[in-house]
Amino acid sequence: MAAFSTSSSRPYHIIIFGASGFTGQFVVEEVARTASEGPKGSLKWAVAGRNRAKLEKVVEQAAGTLSKPELKSEVDILVADVSDLDSLAVMCKQAVIVLSCVGPYRFFGDPVVKSCVENGAHCIDISGEPQFLESMQLNYHDQAAGNGVYIVGSCGFDSIPADMGVIYTRDQFKGTLTAVESFLTASAGPEGGCIHDGTWQSAIYGLADSNKLRSLRKKFGHKPLPVVGPKIKRRGTLFYSNELQQYAIPFMGTDPSVVKRTQRYLTEELNESPVQYGAYVGVGGISNIFKLVFAGLMFFFFVKFSFGRNLLIKVKHTVSSCESYAIFNGSSFRFIFLGEGYTEGSDPSEGKPNGKIRTLVKGPEVGYVATPIAMVQAALTMLNESDSLPNTGGVYTPGATFAKTTLIDRLNKHGIQFSNPEK
């Protein structure tokens, strides 16, 4: 198995690859902020990317923001590029874990995963792209398992709050949890909200390639997961949510696919009872619905054509900007998880579920505050709790990787909070 400790030939616990990117710079700050939580109270880490000058600027900026001038001499800088496989190999051979911040992952993620698998480095990414995540599992799981390497995707807001939220809800329920619905709301601060270029492009190309995702999934040859208890009822395309006291729609992001992959792992590998999952997001009042319908129809139309995708990418620059960090202040997210199942002593094969549970997961701005926290805590959990990970390496979801660890406790201490309000 690939090691979880440093050595003379593998000197860095963590290398942040793509550190000079928009998200990468926040990951740099978060690693610097939490370095004392590394193995034995310290963390040896470096930043990597294709432009040394930009990397130096990011480290200098983190040093100033955190009032840690020592970072400029303590943090090493490595030059590596996804188009230069030799440079990736050199980087991966020096890392215990590579934090991959090189979205859109459909364009830049594969070479990083391949190099990590071949060169014995574990890898964590923050992809919200199901096609990329599932293709990595299809293409590299067996090789990663053979090399003892853990590849863990979607370790940002997509999809740690949702995936670990279902795990947490299951663990808190006294009995057999059979189904969970989640309801997400997000609020912007006084400066409004924004979406960065890489995230926007991921959404555009992900929707454009939805047919390819369906054909990809057929290659796994999965059997349907068993259904315990009544089959979960799917809500409509648009409905009024009593849980949120506003209108809601099905969640279009990565969470449902990630949760399902986790439940498959827990069922097939650990013989645990699967949990059905439905995900929804609040969209506000009636006035917001007309805006949503219009914007949605336009988006769905344009992503079908190359000229439309190019136009959407160009138009994005005129409607939102993440250049002011003040835009993140006051922004937050909130997940409500409503679960049902059979209490201890009840037979899940007989009658209706007789137990309910409500979980709340909340945290700061999703993209550039919560995501770095989740990613870095996932990495620190791997470094400190390697004995609690799956028995073999492979390409895994967060829930499959961290179900037996203290990741949730770590997140609670860093502002992403899991609780059962009724308890």
Side-chain angles (χ1 to χ4, degrees), residues 82 98-118 122-147 149-164 166-167 182 198-199 201-225 250-270 274-279 303 371 374-375 378 389-390 392-403:
V82 292
V98 172
L99 301 188
S100 177
C101 303
V102 292
Y105 290 89
R106 65 175 55 246
F107 299 135
F108 307 117
D110 189 302
V112 183
V113 171
K114 184 175 188 294
S115 188
C116 284
V117 171
E118 292 176 350
H122 310 293
C123 183
I124 290 175
D125 71 46
I126 46 177
S127 172
E129 305 165 44
Q131 186 179 343
F132 167 78
L133 295 164
E134 295 179 38
S135 65
M136 293 303 96
Q137 181 181 351
L138 182 67
N139 295 336
Y140 295 110
H141 178 79
D142 291 343
Q143 187 181 0
N147 292 349
V149 169
Y150 292 83
I151 307 295
V152 191
S154 54
C155 284
F157 176 76
D158 301 284
S159 290
I160 278 183
D163 204 15
M164 297 307 296
V166 174
I167 295 288
S182 69
T199 307
Q201 289 183 41
S202 296
I204 291 170
Y205 289 105
L207 188 58
D209 284 349
S210 55
N211 289 333
K212 293 181 181 178
L213 179 58
R214 284 191 285 270
S215 63
L216 169 68
R217 286 173 174 165
K218 291 180 181 179
K219 296 179 181 179
F220 284 97
H222 288 317
K223 296 179 180 178
L225 282 174
F251 184 68
M252 302 291 288
T254 316
D255 293 351
S257 64
V258 171
V259 170
K260 187 171 184 177
R261 288 170 59 212
T262 293
Q263 294 305 313
R264 181 173 296 281
Y265 168 82
L266 296 175
T267 302
E268 295 179 350
E269 301 298 326
L270 303 184
V275 177
Q276 303 173 74
Y277 180 60
V303 297
T371 284
M375 185 185 215
L389 303 179
T392 61
V395 179
Y396 293 111
T397 60
T401 308
F402 300 113

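Note that the coordinates shown come from a computational prediction; the quantities given were computed from them, not determined experimentally.
- Heavy-atom minimum distance, D125 versus S154: OD1-N, 3.0 Å.
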Could you go through the side-chain contact (heavy atoms from CB on, under 4.5 Å) check for C116 and I151 one step at a time?
-> CA-CA 8 Å; C116 284; I151 307 295; 4.2 Å; yes

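- Nearest heavy atom pair, residue N147 against residue V117, reads ND2-O, 2.9 Å.
- Screening L225, I167, V166 for a side-chain contact (heavy atoms from CB on, under 4.5 Å) involving V275 leaves a single residue, V166.
- The CZ atom of R217 sits 9.0 Å away from atom CZ of R261, with the distance rounded to the nearest 0.5 Å.
- For the atom pair CZ (R264) and CZ (F220), the distance works out to 9.5 Å, reported to the nearest 0.5 Å.
- In terms of heavy-atom proximity, G153 sits nearest to L133 at CA-CD2, 3.7 Å.
- Counting only N and O atoms by type, the side chains of Y140 and D110 include a donor and acceptor under 3.5 Å apart.
- Judged by distance alone, the side chains of T397 and Y265 never bring a donor and an acceptor atom under 3.5 Å apart.
- Nearest heavy atoms, A378 versus I160: CB-CD1, 4.3 Å.
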Could you go step by step and tell me if V258 and D158 meet the side-chain contact (heavy atoms from CB on, under 4.5 Å) rule?
-> CA-CA 9 Å; V258 171; D158 301 284; over 6 Å; no

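- Taking the six-membered ring where tryptophan is involved, the planes of H141 and Y396 are perpendicular, since the angle between them exceeds 60° and thus also 30°.
- You'll find the side chain of S257 reaches within 4.5 Å of the side chain of E134, heavy atoms only.
- Contact record, E129 with R106: OE1-N, 3.0 Å, taken as the closest heavy-atom pair.
- No side-chain donor-acceptor contact under 3.5 Å links Y105 to the backbone of Q131.
- Between D163 and D255 there is no side-chain heavy-atom pair separated by less than 4.5 Å.
- To the nearest 0.5 Å, atoms CE (M375) and CD1 (I126) are separated by 4.5 Å.
- Note: C155 SG to F402 CZ = 5.0 Å, rounded to the nearest 0.5 Å.
- Counting only heavy atoms from C-beta outward, the side chains of P390 and E269 never approach each other to under 4.5 Å.
- Distance OG1/T262 to NZ/K260: 12.5 Å, rounded to 0.5 Å.
- A donor-acceptor pair is defined here as one N or O able to donate and one able to accept, closer than 3.5 Å; such a pair exists between the side chain of H122 and the backbone of Y150.
- Checked by atom type and distance alone, the side chain of T254 pairs as donor or acceptor with a backbone atom of G128 at under 3.5 Å.
- In this structure, S135 OG and K219 NZ are separated by 9.5 Å, a value rounded to the nearest 0.5 Å.
- Scanning all heavy atoms of the two residues, the minimum distance from G253 to P256 falls at O-CD, 3.5 Å.
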